[in-house]
Amino acid sequence: MATSLGTAMPFRRSLAPDGVIAGIDIGGTKIAALLVAADGEILGRGQVAAPALDGGAAMADAAAELTRRLLEESGRPLLAAGVGAAGVIDHVTGTVRAASATFVGWAGFALADELRARLGVPVAVENDVNAFLLGEVSHSETTGDDVLGVMLGTGVGGAVVLDGRLRHGPHGAAGEIGHTPGYSTLVCTCGQTGHLETLASGTSIGLRYGEKTGVVGLSSPEVADRARAGDASAIAVFEAAGRAVALACASAAGLLDLSTAVVGGGVARAWDLLAPAIERTLATDSPISGVTLRITPATLHTDAVALGAAAAAKAILLSGAAPSPHDPQSPYHSSSPHHEEGAVA
């Protein structure tokens, strides 16, 4: 069932109208959860430290325990749960395919199955950047059926919604704009050269400032503070980041005929420093279609991933089926486990 992400739809009335959906954001340092009602109201919110060094089972235990605590406080029944998780996710099976070294026993962990066993409801799992975009499109002022999402955090991630559906791609990597080349001559964290991430990630902003000034070890917010105080080197670092982000979004807009890009993550909190370079770049490098490309900051901040995860879970309820590559009625249906797209209401 394909549904425009920008259109609010109620849960099936046969599925307990007083019920809630849990949206869970699993990261390397914290696990956050929201309970979302049928009308989109957030009825519960909480977070706990993520036991990332204790293995996948410990992470699932912590997420389930947090969710159950919020449910007890709300007094509402749980209909389904969605997860936005760090790492490379097989969104059909809900398994973590790959993860950074900060997560012990996370790669290969069957997260959806494990949470389903603990919570007793259908579970949808998405990569955290995909979930971020779903949250922004389904719960904020970001509108349209064709939207690019860019997450500027420790690295740079991306996601894309086309025709109202999250596009995963045949290998689950659609929208991954952070590792597209041509933005610098610097070596990226992945080992290749010139990727967007070399200029626009929080890590890179600190590194680029250190290269210019010899002051090493500063975080992106610290460099931003210096830029706002008039530090020319700090200003230049953010200008380079803003220009690179604008060029990346313009390239995506030209390829996919997009008119909207939403930018989130910690670096985007310095939008006042990024925006001038973004606007100047769009004035000279806009899409050839002539359609105005809007690049806007995310508005949901720390709630975006959890709300997007809840939207993915809501799609399961609207379809009446758990995500499965073998079920033609599921919004996750495909003839191949990695050749399908998820529709979210």
Assess the residue pair D231 and Y209 against the criterion (side-chain contact (heavy atoms from CB on, under 4.5 Å)); give the C-alpha distance rounded to whole Å, side-chain angles, the decisive distance to 0.1 Å, and a yes or no. CA-CA 10 Å; D231 185 320; Y209 182 77; 2.5 Å; yes

Check against side-chain contact (heavy atoms from CB on, under 4.5 Å), E114 and M59: CA-CA 10 Å; E114 294 289 341; M59 295 281 271; over 6 Å; no

Check against side-chain contact (heavy atoms from CB on, under 4.5 Å), N130 and H168: CA-CA 9 Å; N130 284 350; H168 294 100; 3.8 Å; yes

Test side-chain contact (heavy atoms from CB on, under 4.5 Å) on L115 and V125 and set out the steps. CA-CA 10 Å; L115 276 177; V125 180; 5.7 Å; no

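The side chain to side chain contact (heavy atoms under 4.5 Å, CB included) test with Y183 is passed by exactly one of V245, L196, T193: L196.
One finds the CG atom of L258 at 11.5 Å from the OG atom of S251 (value rounded to the nearest 0.5 Å). Here CZ of F132 is found 12.0 Å from CG of D25. Values are rounded to the nearest 0.5 Å. The line from CG of L282 to CZ of R280 is 11.5 Å long, rounded to the nearest 0.5 Å. The line from CG of L317 to CG of L79 is 5.5 Å long, rounded to the nearest 0.5 Å. Note that the CG atom of D113 and the OG1 atom of T95 stand 6.5 Å from one another [nearest 0.5 Å]. Distance check: L207 CG to L186 CG gives 9.5 Å after rounding to the nearest 0.5 Å.
Here the side chain of S74 pairs a donor or acceptor atom with the backbone of L71 at under 3.5 angstrom. Using a distance-only test at 3.5 Å, with no hydrogens or angles considered, a donor-acceptor pair links the side chain of R208 to the main chain of T198. Side-chain N or O atoms of S204 include none that pairs as donor or acceptor with a backbone N or O of S201 at under 3.5 Å. Between the side chain of D163 and the main chain of R165, no donor-acceptor pair closer than 3.5 Å is present. Remark: the backbone N or O of H179 is not paired with any side-chain donor or acceptor of E197 at under 3.5 angstrom.
Here R68 does not pair with E65 in a salt bridge; the nearest charged N to carboxylate O distance is not below 4.0 Å.
Residue pairs that meet the salt bridge (charged side-chain N to carboxylate O under 4.0 Å, His left out) test with at least one member in residues 289-309, sequence neighbours left out, are R45-D303. Pairs engaging residues 73-88 under the salt bridge (charged side-chain N to carboxylate O under 4.0 Å, His left out) rule: R69-E73 [sequence neighbours left out].
The side-chain heavy atoms of L218 and R226, taken from C-beta on, include a pair separated by under 4.5 Å. Between P181 and Q192 there is no side-chain heavy-atom pair separated by less than 4.5 Å. Side-chain contact between V96 and I89 is present, with at least one heavy-atom pair separated by less than 4.5 Å. Between V147 and E136 the shortest side-chain heavy-atom distance does not fall below 4.5 Å. Here the side chains of L274 and L152 are in contact, with some heavy-atom distance below 4.5 Å. Using a 4.5 Å heavy-atom cutoff, the side chains of P51 and I31 are in contact. Side-chain contact between I42 and L307 is present, with heavy atoms from C-beta onward closer than 4.5 Å. The shortest side-chain heavy-atom distance between L256 and D146 does not fall under the 4.5 Å cut-off.
Judged by distance alone, the side chains of S100 and T102 do bring a donor and an acceptor atom under 3.5 Å apart.
The neighbour count for R118 CZ, taken as heavy atoms of other residues, nucleotides or ligands under 6.0 Å away, is above 12.
Here D272 pairs with R228 under the salt bridge (charged side-chain N to carboxylate O under 4.0 Å, His left out) rule; sequence neighbours left out.
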